[in-house]
Number of protein chains: 2
Amino acid sequence: MKFERSNCPITNVLDLLGDKWTLLVIRDLVLGKRRYQEFLASPERIASNILAERLDRLLAAGLINRRAYQKNPTRYEYGLTKRGRDLEPILEAILTWGKKQYPGTKRFPKVQRPSD
Amino acid sequence: MKFERSNCPITNVLDLLGDKWTLLVIRDLVLGKRRYQEFLASPERIASNILAERLDRLLAAGLINRRAYQKNPTRYEYGLTKRGRDLEPILEAILTWGKKQYPGTKRFPKVQRPSD
DNA sequence: TATAGTGACTTGCAAGATGCAAGTCACAGT
DNA sequence: ACTGTGACTTGCATCTTGCAAGTCACTATA
């Protein structure tokens, strides 16, 4: 096992998730978003190139998976893997602290999907 | 209350802590480190300008405080405020996930301080 | 007295990450 | 034929990081 910066678990998590966007993509997936346009539509306005790069990284890291819901051109839907869903306690801890420190912030609601 | 990107608590936390270094400084403080050179000595090798900037931000955000332990030139020791200590559940959640995902990583030990 | 640390930063610049606008590609609909 | 949809890609300007070296006011050692 080769570590980027150190063998501290926190450091290794930050090497993967330590930026302003990656956890927001995870949040969107937890909320039920599945498609590219849905991620782009979130109020933080992620840039499309950043989103594409993050989806690649999360796929490579095994936190998400995707399935083609259409061919020619192939279009994908994304979902969390077990590994990705295991991040929920981290998101919950952040949410708890954040709501307390930033009065006026609110947990976003789950997305309604027609297919459900 | 004015929000940078959205009124999502997670987003606002990421605007403050969402990078590869800030949480490592917090980790070091939790482990008992207090002084500039101690933070610089951590195995991840934070650059001194980044460290100075992060300490400023954390001070401004009220997550840490400092006290001069010497004058001419003034030298400071840093510590976590209540607000900063409240981040521990987040660190614990990250630690738990990280240890599981990155076998071989280990929680760093508390620092021995002569003054204790 | 002279020289060499010590410690908390600051400065300058190169390298890398991010943000914005626009483009691509293979369709489906009108 | 013409417009729209959706998942990206590309180009380039700007912002953030990383690295090396410098500063400043001492204290310790020779």
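Below, read A as the first sequence line, B as the second, and so on, with proteins coming before strands; counting in each chain starts at 1.
Nearest to the side chain of B:Ala47, among D:dC8, D:dC19, C:dT18, sits D:dC19. Taking every side-chain heavy atom of B:Pro73 into account, C:dG7 is the closest of C:dG19, C:dG7, C:dA8. Distances from the side chain of A:Arg75 to the nucleotides C:dC9, D:dG6, C:dG19 place D:dG6 closest. The listed nucleotides are C:dC27, C:dT18, C:dA8; the one nearest the side chain of B:Tyr69 is C:dA8.
Using a 4.0 Å heavy-atom distance criterion, A:Arg35 is classed as a sugar-phosphate-only contact.
A:Arg35 forms a cation-pi arrangement with A:Tyr69, by the criterion of a distance under 6.0 Å to the ring centre and an angle within 45° of the ring axis.
Going from atom CD of B:Gln37 over to atom P of C:dA8 covers 6 Å, rounded to whole Å. Distance, A:Gln70 CD to C:dA28 P: 7 Å, rounded to whole Å. Atom CG in A:Asn49 sits about 13 Å away from atom P in D:dG11, given to the nearest Å. Regarding B:Lys33, its NZ atom lies at a distance of 15 Å from the C1' atom of C:dG7, rounded to whole Å. Note: CZ (B:Arg54) to C1' (C:dC9) measures 16 Å, nearest angstrom. Atom CG of B:Leu40 and atom P of C:dG7 are 11 Å apart (whole Å). The distance between atom CG of B:Leu55 and atom C1' of C:dG7, rounded to the nearest whole Å, is 13 Å. Atom NZ in A:Lys71 sits about 16 Å away from atom P in D:dA7, given to the nearest Å.
Taking the side chain as every heavy atom from C-beta outward, B:Arg5 and A:Lys20 approach each other to under 4.5 Å. Using a 4.5 Å cut-off on side-chain heavy atoms (C-beta onward), A:Leu51 and A:Trp21 make no contact.
One finds no side-chain N or O of B:Trp21 lying less than 4.0 angstrom from the OP1 or OP2 phosphate oxygen of D:dT16. Phosphate proximity of C:dG7 to B:Tyr78: absent, as no side-chain N or O sits under 4.0 Å from OP1 or OP2.
Partner of B:Glu88 under the side chain to side chain contact (heavy atoms under 4.5 Å, CB included) criterion, chosen from B:Leu80, B:Val30, B:Ile26, B:Leu95: B:Val30.
Side chains of B:Asp28 and B:Ser42: a donor on one and an acceptor on the other come within 3.5 Å.
DNA chain D is contacted by both B:Arg57 and A:Glu77; A:Glu77 maps to the nucleotide lying nearer its 5′ end (nearest heavy atom per residue).
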